[in-house]
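What follows is a short report on a single structure.
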Amino acid sequence: MTDRMETAREIEALLFAAAGPLTDADLAKRLPEGADIAGALGELAERYQGRGVVLAQVAGGWRFQTAEDLAWLMTEERDEPRRLSKAAQETLAIIAYHQPVTRAEIEAVRGVQASRGTLDVLLELGLVRMRGRRRTPGRPVTYGTTDAFLEHYGLASLSDLPGLAEMKAAGLLSMDLPPDFAVPDPNLAQADEDPLEATDAPEFHVDFLAEE
Amino acid sequence: MTDRMETAREIEALLFAAAGPLTDADLAKRLPEGADIAGALGELAERYQGRGVVLAQVAGGWRFQTAEDLAWLMTEERDEPRRLSKAAQETLAIIAYHQPVTRAEIEAVRGVQASRGTLDVLLELGLVRMRGRRRTPGRPVTYGTTDAFLEHYGLASLSDLPGLAEMKAAGLLSMDLPPDFAVPDPNLAQADEDPLEATDAPEFHVDFLAEE
Amino acid sequence: MSNPFQPSLDFDAAATAAEDGEALIIDVDGYEGPLHVLLALARTQKVDLLKLSVLKLAEQYLAFVHEARRRRFSLAADYLVMAAWLAYLKSRLLLPKPDRPKAEEPPAEEMAARLAFRLAKLEAMRVASEALRTGPQLGREVFVRGDPEAIRVIPSGRIEGDLYALMDAYIGQRRKEASRHYQPAAPQAYPLEDARDRLRRLLPDLERWTPLAGVAPLGSPAAGPSRASYVASTLSASLELIKEGALEARQLEAFADIYLRARKGEARA
């Protein structure tokens, strides 16, 4: 057996037995020195491609998980997930995309005061954490997401948030009107204007702004 | 993909996510009717032959387990995680907010004697340090938090420790607290302590180990 | 495609109604706030939110608020504040621009752009939250190994617990500390005046030597002054009456029972 195959076996066993995602560093610490971890991981990913259990990268680490398309089989394993209220979901999204973000900023985006229970629930579930304090007057506490958030939504890192790059490009993640933000001339922007055509609209508009 | 291969995928996912071994009957109950379970199990056994994870028959059921020859990888990992006990977590919280604080003061807040191990554990983990001696009779040693503490909790400085307002915002404060309830700001802590002297260190060890 | 966010709103109906100036069929409770209403209305324009006609939006919103107030008199202040602001913005957009704009106010176009930006932002967040919600989630679509008994490898040796847990641990203890504080109920005493009055009333019945313990009220163990307080106050009162000459007392030896008796001739007085 080649060294790489042996390393793949070892990683397979470790990930299988792990209580949470293992990072490359976690693996390196446990495997014999000089093991080709990246190569072995690639081999494993390929081997499990299309299987009932697949290799996934979440929260900066690796884990095995059941294939998405087999969710229908897992009726017994499914614990009734605590359903987040719409407000909590929206708040979670704002924190995820804008972190570090203060409570006041969350409220500014939503246009309503954060009701009691919204942030609490997210903190309690461990999806959100307090990150620090903004260096502005009043030094408000800032919030961000946790590794548990990434693990729950199966994201390798924060940059894998759906649509993040497009939103950033459109300036939508800044808190204030970006300087290059297109200011529509209300005298021109009448009802007779044409919607953006598919060809000149970046993907972002299709995905995140356009009327469905 | 053949039916048998699809069944193998499904069994793979079921065994992986199950809380214990599954019997043929368990599998039959959860798979679509008419699935060739025996055939699919044979295929899986073959597929996992010699891998880091193998299919095993135990207690009349089937389960995946790590290969026996890789036990050396696992044994080391049986260590308990560095999970702070409830007492340690509570003691740490009091030290963080009330520092510099003496052991007697910690006990006064907690309402119980600090057990020998609790402070030791925190000192050993490097989350807590001795700061000095209080200028009161008996000159008791005072405790405070370390830089490692700040790092672990993602705080730039002690003044970033969330105060009463943030606790309220996080829903931690309930109505049953007295109206004059206050949380000390460790940054404004009084300076009625002397720095530890060189001679204090050995004395401490004696004091610490020969504790009642 | 049906809208996942605002099931109670019929967009087409709202759009037509706004154009016709007819009644909007809108349930205010379906929204979290004015911004969410504006977003729903903005979608009826079927354009990129950044190219929105703010003027039209303002009209739609004002119609919405008008109708909502007609149907239900009370409307949250937020909605009215937004209505006032939009009415102001609308007037500024429509009026010819002054040659010299007032320095302290941003141009109306910028105000409109800010609003469009906020709506675009909120919309992006709603779509993002929906994308997260409908994507595969742990414990719902995908599952990790379920066997809790087998060997478990714990990722990295880092210490568990976050700031929230720390605050929680702290507050939990302070709360316990607060509830631990000893608050003794102030003892209730049997007033001397009451004892005196009672003893005076009892004088006719004290023709014979009667033990003090029998004279003092028994009291109740549940509430009111303690038995000791009754006895003590009765003794004090009896000493006063002795001084007045209405009562006499005797005690055969130290620690023996004290006996009381009305003085002859005084009992009937």
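Every chain is numbered from 1 and lettered A, B, ... according to where its sequence line falls, protein lines coming before strand lines. Both backbone and side-chain heavy atoms feed into the values below; hydrogens, waters and symmetry mates do not.
Neither the backbone nor the side chain of B:Leu15 comes within contact range of chain A; no heavy atoms are under 4.5 Å apart. Heavy atoms closer than 4.5 Å to chain B are found in the backbone of A:Arg131, but not in its side chain. Within the 4.5 angstrom heavy-atom criterion, only side-chain atoms of A:Arg135, from C-beta onward, approach chain B.
Of all non-hydrogen atoms in A:Ala13 and B:Gly52, the two that sit nearest each other are CB-O, 3.6 Å. For the residue pair A:Arg133 and B:Gly163, the shortest heavy atom distance occurs at NH2-N, 3.6 Å.
Contact count against chain B (heavy-atom pairs under 4.5 Å) is highest for A:Leu73 among A:Val141, A:Leu73, A:Leu123. Interface summary for chain B: among A:Met74, A:Glu10, A:Glu12, the most heavy-atom pairs under 4.5 angstrom belong to A:Glu12.
Of all residues in residues 41-49 of chain A, those placing a non-hydrogen atom less than 4.5 angstrom from a non-hydrogen atom of chain B are A:Leu44, A:Arg47, A:Tyr48. Of residues 59-72 of chain A, those residues lying under 4.5 Å from chain B by any heavy-atom pair are A:Phe64, A:Gln65, A:Thr66, A:Ala67, A:Asp69, A:Leu70, A:Trp72.
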